[in-house]
There are 2 protein chains.
Amino acid sequence: MDVDTRLLRYFAVVAEEGSLTRAAELLYVSQPALTKQIRRLEAGLGVDLFTRSRTGMALTEPGRALAERVPALLSGWETALRETRGAASRAARVLRVGFLASAANEATQPIIAEFARRRPGWRAEMRQASWSNPSAGLADGDVDIALVRLPFPGQEALRLLPLFSEPRRVALAASHPLAARETIAFRELWDEPFVAAPAETGRWREYWLAADERDGHPVRVGAVTEHPDDWLTAIANGYGIALAPESAARFYTRPGVVYRPVTGVGPSRVAVAWDPADDDNPVVRDFVRCCRDRHPDRPGGPDGT
Amino acid sequence: MDVDTRLLRYFAVVAEEGSLTRAAELLYVSQPALTKQIRRLEAGLGVDLFTRSRTGMALTEPGRALAERVPALLSGWETALRETRGAASRAARVLRVGFLASAANEATQPIIAEFARRRPGWRAEMRQASWSNPSAGLADGDVDIALVRLPFPGQEALRLLPLFSEPRRVALAASHPLAARETIAFRELWDEPFVAAPAETGRWREYWLAADERDGHPVRVGAVTEHPDDWLTAIANGYGIALAPESAARFYTRPGVVYRPVTGVGPSRVAVAWDPADDDNPVVRDFVRCCRDRHPDRPGGPDGT
DNA sequence: TGCACCCATAACCTGGAGGCATGGACGTCG
DNA sequence: CGACGTCCATGCCTCCAGGTTATGGGTGCA
C-alpha cells in the first residue's frame, strides 16, 4: 500500500491532537477533508486507527503502533530531501547563504564579493529568511551557512563566529510623541506596545523585545510581523514601536517611521553560523574566512556595491 | 515537499534500471506516465536527478544522494505497515495463518479446531497464498504463522517445525499415454513438459520440478501457474504434467486429470513456520503446539471436517 | 536514407482531494 | 425538557494529478 507523506502528517497531527476539528485547523484544511483522509488511510491499511466519540478521536492499539513509527518516517524523508538538495547545490557549485532581513546589512556585499574572488566558479545564493526563522534556514538544512543575529534558539547546536555588534535603536511612528526626542531611555518605552517577531522564535523574540532590560515589567505586543515590509507598515501605522539595529535606520526607511538612539539596551551582535557537519567543508570554511576578513570594522559608513 | 511512496518506488526503479522505458515495463505503467512522474519529482525537489541521453537515464550526483536514501525510506514504511497490521490482528484476537494451496490439506481442519479449543476468543484467519509466495506471506509479515511445504527460499530465516511428509505423485492429463500405467518411474518423465511455479520461487520451484532427481537432465517447462485452478486446467489441457503431494489427489480433482504414484522422487514435507521474533508470542506458541498435537500421524485417510 | 531506440509532448479521461453546507449523535445548560 | 454546542460523517461540486494512447524529435546504426 502506498501513502503520501502528507497523509502521514495528517495522521500524526490527528493522533497528537486527538481531534479532527483541531487538527484540521492546525493543518489548514477543512474538517471533512481530514475525515475523508483519515478514513482513506484506515481503509487502505484495513485497520481502525481511531475510536470515534463525541470527545474526539482516540488512538486504537494499532493506531498507536503506527503513530510510533510515523515521526521517524517523516523525518527520514526530510533528511533525504535535505541531503538531495545539499548535493545539488554542491554539484552546481552554489553555496546557499541564508540571511535574516537586516542581519548583516552593509557587511553583506563585501563578504559576497570577497567570496566570489576567493572561489571563482562558485556562486553564493542569497536567501532571505523571514523572522519566523531566526537561524535563516540553517536549522532546517535549507542553507549551508547563514548570517544571523544573536541570540536565537538552537544556536548551541551550530558553529558561530561573531562578526561585529552595533547599537540598537528604537523605531517609532513619526507621529509618536517620543519621536521628537533626540534620545530615549528604554524604560520610557516599557509601557509602549511593541511590534514583535512570531512567538515560536522564543529567545530571539525576547531579545528584540529586550525582555531582560525591563526589570520584569511585562511586554505589550501590539502586532506580530515576519517581514520588514509588514514591520515598517505596522510601525508607521502606530500599532507599536520596535528595537532595531542601527543599520536598519539606513536600510529600512519609510515615510512616517523614524529611528532614535535608545539607552539602556545592549547592542545587537551579528554572526556567521554553520552546521558542525560542515567544519571540514572547504567552501564553507572559505566563506567563513571571507566573513572574518571582510566584515566592516566600523559598522557605520555604507560602502555601496 | 510531500511525496508518495509510489513516486519513490518509481524513482528507485528508474534509478536502478537507468531507463524509463524498461522501468515503465517493470512497474506496469506507460512510459509517458513515468516521464511525467519523474519530472514532477525533479520539479518538486528543484533538482535534476537524471541526465537524459539516447542511452537512457543516468543519475546525477544529487540523484545518487536521493537513491541512497530511498530504499531505507521505503522499507521503513513497509515495516510500519506490518507493525500496524500486526498490532491490529493482535488487538482483534486474530491469528493470521498463511497456507499454501495444498499445504496441509487434511491436517488443516483439525489444527484449526484444536486452536479454537485452546484459545477461546481467538480466531484463526486463514489466508491462502499463491504459489508465487512459498512462505505463504510469512516472509512479508502478512501473516503470523504459516503452513508450508519445504524447502523454499528464505526458510533459513524462519523457525520451522516439520509436521509430516507424504509421497509425491504425478498429475497428468487423462489422455496422456502414461495415464494408463499403474505406477511411473520418474526417469520416464524427464522429457515431459512440466507445469511449474513462477521462476522467482527458486528452490521451491526446483523441488517440484525434482531438478535434483534428473541427473542433470534439463527441465522442459510447458506452463507456469500460480493457483490450483490454473494448474489443473493446464494439466487437463495437456500443457504439461506436474508432481503433487499425494493428498492433492483427494483435494484437487478434475475430470481429465489423473494422479499416479511415481517412483524415484522423494516425499514432500509439510511444516509450520513462524518468525523468530514471535518465539515468545504465546498465541503463536499455542498454534504451533496445536500443529504438533493434531497433525495426522497417518497422512492417508481423509477425516472430513 | 531508413530504421530502431529513447525520451518528451499532446489530448483526453478518471478518480481523488479539497471546499461548503448540512446531517446526526450526544452532553450541557438555562 | 428543549435549545444549543460540539463532535464527526455525508453529499455535492470543482479541480488537478495521474493514467492512457498517439505522436514528435533526437541520435546511433545498418
Side-chain angles (χ1 to χ4, degrees), chain A residues 1-64 66-67 70 74 77 81, chain B residues 1-60 62-64 66-67 70 73-74 77 81:
Chain A
M1 182 214 167
D2 285 313
V3 272
D4 196 319
T5 50
R6 183 173 28 90
L7 191 47
L8 295 180
R9 286 190 294 111
Y10 285 6
F11 167 74
V13 173
V14 174
E16 178 76 21
E17 292 297 314
S19 152
L20 279 177
T21 313
R22 241 171 318 147
E25 278 166 25
L26 292 178
L27 291 164
Y28 301 106
V29 295
S30 68
Q31 169 262 313
L34 249 194
T35 295
K36 221 194 293 184
Q37 293 294 16
I38 297 295
R39 295 198 92 84
R40 208 175 57 88
L41 180 59
E42 291 181 322
L45 292 165
V47 168
D48 284 346
L49 299 170
F50 296 94
T51 55
R52 275 88 167 158
S53 73
R54 65 207 151 288
T55 89
M57 312 269 288
L59 282 171
T60 60
E61 190 50 52
R64 223 170 348 258
L66 183 60
V70 163
L74 289 175
W77 168 239
L81 203 56
Chain B
M1 181 215 167
D2 285 313
V3 271
D4 195 321
T5 52
R6 182 173 29 91
L7 191 46
L8 294 181
R9 288 191 293 110
Y10 285 5
F11 167 73
V13 173
V14 174
E16 178 76 20
E17 292 297 314
S19 150
L20 279 177
T21 314
R22 241 172 316 148
E25 279 166 23
L26 292 178
L27 291 164
Y28 301 106
V29 294
S30 67
Q31 169 261 315
L34 252 194
T35 295
K36 222 197 287 186
Q37 293 292 19
I38 297 296
R39 297 198 90 84
R40 209 175 56 88
L41 180 60
E42 292 181 320
L45 293 166
V47 168
D48 284 346
L49 298 170
F50 297 93
T51 54
R52 277 85 165 161
S53 71
R54 67 207 151 287
T55 87
M57 311 270 286
L59 282 171
T60 60
R64 219 166 359 253
L66 183 60
V70 162
L73 291 173
L74 289 175
W77 168 240
L81 202 56

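Reckoned from all heavy atoms, side chains included, excluding hydrogens, waters and symmetry mates. Order of the sequence lines sets the chain letters (A, B, ...), proteins ahead of strands, with each chain counted from 1.
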- request: For dG18(C), take OP1 and OP2 only and decide whether either is under 4.0 Å from a side-chain N or O of R6(A).
  value: yes

query: Is there a donor-acceptor contact under 3.5 Å linking the side chains of T35(B) and Q31(B)?
result: yes

statement: Whole-Å distance, L34(B) CG to dT21(D) C1', equals 16 Å

- request: May I ask you to test the Y10(A)-V29(A) pair for a side-chain heavy-atom distance under 4.5 Å?
  value: yes

message: Check the phosphate of dG16(C) against R40(A), side-chain N and O only, distance under 4.0 Å to OP1 or OP2. Yes or no?
response: no

query: So which nucleotide from dC7(C), dC8(D), dA17(C) ends up closest to the side chain of T21(A)?
result: dC8(D)

message: Please tell me if T35(B) has a side-chain N or O lying less than 4.0 Å from either OP1 or OP2 of dC7(C).
response: no

field: F50(A) CZ - dC8(D) P separation (whole Å)
entry: 10 Å

- prompt: Are L45(A) and L66(A) close enough that some pair of their side-chain heavy atoms sits under 4.5 Å apart?
  reply: yes

message: Between E61(A) and R64(A), does any NZ, NE, NH1 or NH2 come within less than 4.0 Å of an OD or OE carboxylate oxygen?
response: yes

- prompt: Just how far, in rounded Å, is C1' of dG16(C) from CE of M1(A)?
  reply: 13 Å

task: Measure from CG on L41(A) to P on dA9(D) and round the result to the nearest Å.
output: 13 Å

message: Quick check on dA8(C): is either OP1 or OP2 less than 4.0 Å from any side-chain nitrogen or oxygen of R39(B)?
response: yes

- request: Quickly work out the D48(B) CG to dC7(C) P distance and round it to whole Å.
  value: 15 Å

query: Can you tell me how far C1' of dC7(D) sits from CD of E17(A), to the nearest Å?
result: 15 Å

- request: Find out whether M1(B) and W77(A) are in side-chain contact, i.e. whether some heavy atom of one side chain is under 4.5 Å from a heavy atom of the other.
  value: yes

- request: Specify the separation, in whole Å, of atom CG of D2(A) and atom C1' of dG18(D).
  value: 13 Å

message: Less than 4.0 angstrom between a side-chain N/O of Y10(B) and OP1 or OP2 of dG19(D), yes or no?
response: yes

Spacing of R52(B) atom CZ relative to dT9(C) atom C1', expressed in whole Å: 13 Å

query: Nearest to the side chain of Q37(B), which nucleotide is it out of dC8(D), dA8(C), dG19(D)?
result: dG19(D)

query: Between the base of dG16(C) and the side chain of K36(A), is there any donor-acceptor pair under 3.5 Å?
result: no

query: Contact class for Q31(A) vs. all strands (heavy atom < 4.0 Å): base, sugar-phosphate, or nothing?
result: base

- request: Answer with base, sugar-phosphate or nothing: what part of the nucleic acid does S19(A) contact at a heavy-atom distance below 4.0 Å?
  value: sugar-phosphate

- line: Looking only at dG18(C), dG18(D), dT9(C), the nucleotide nearest the A33(A) side chain is dG18(C)

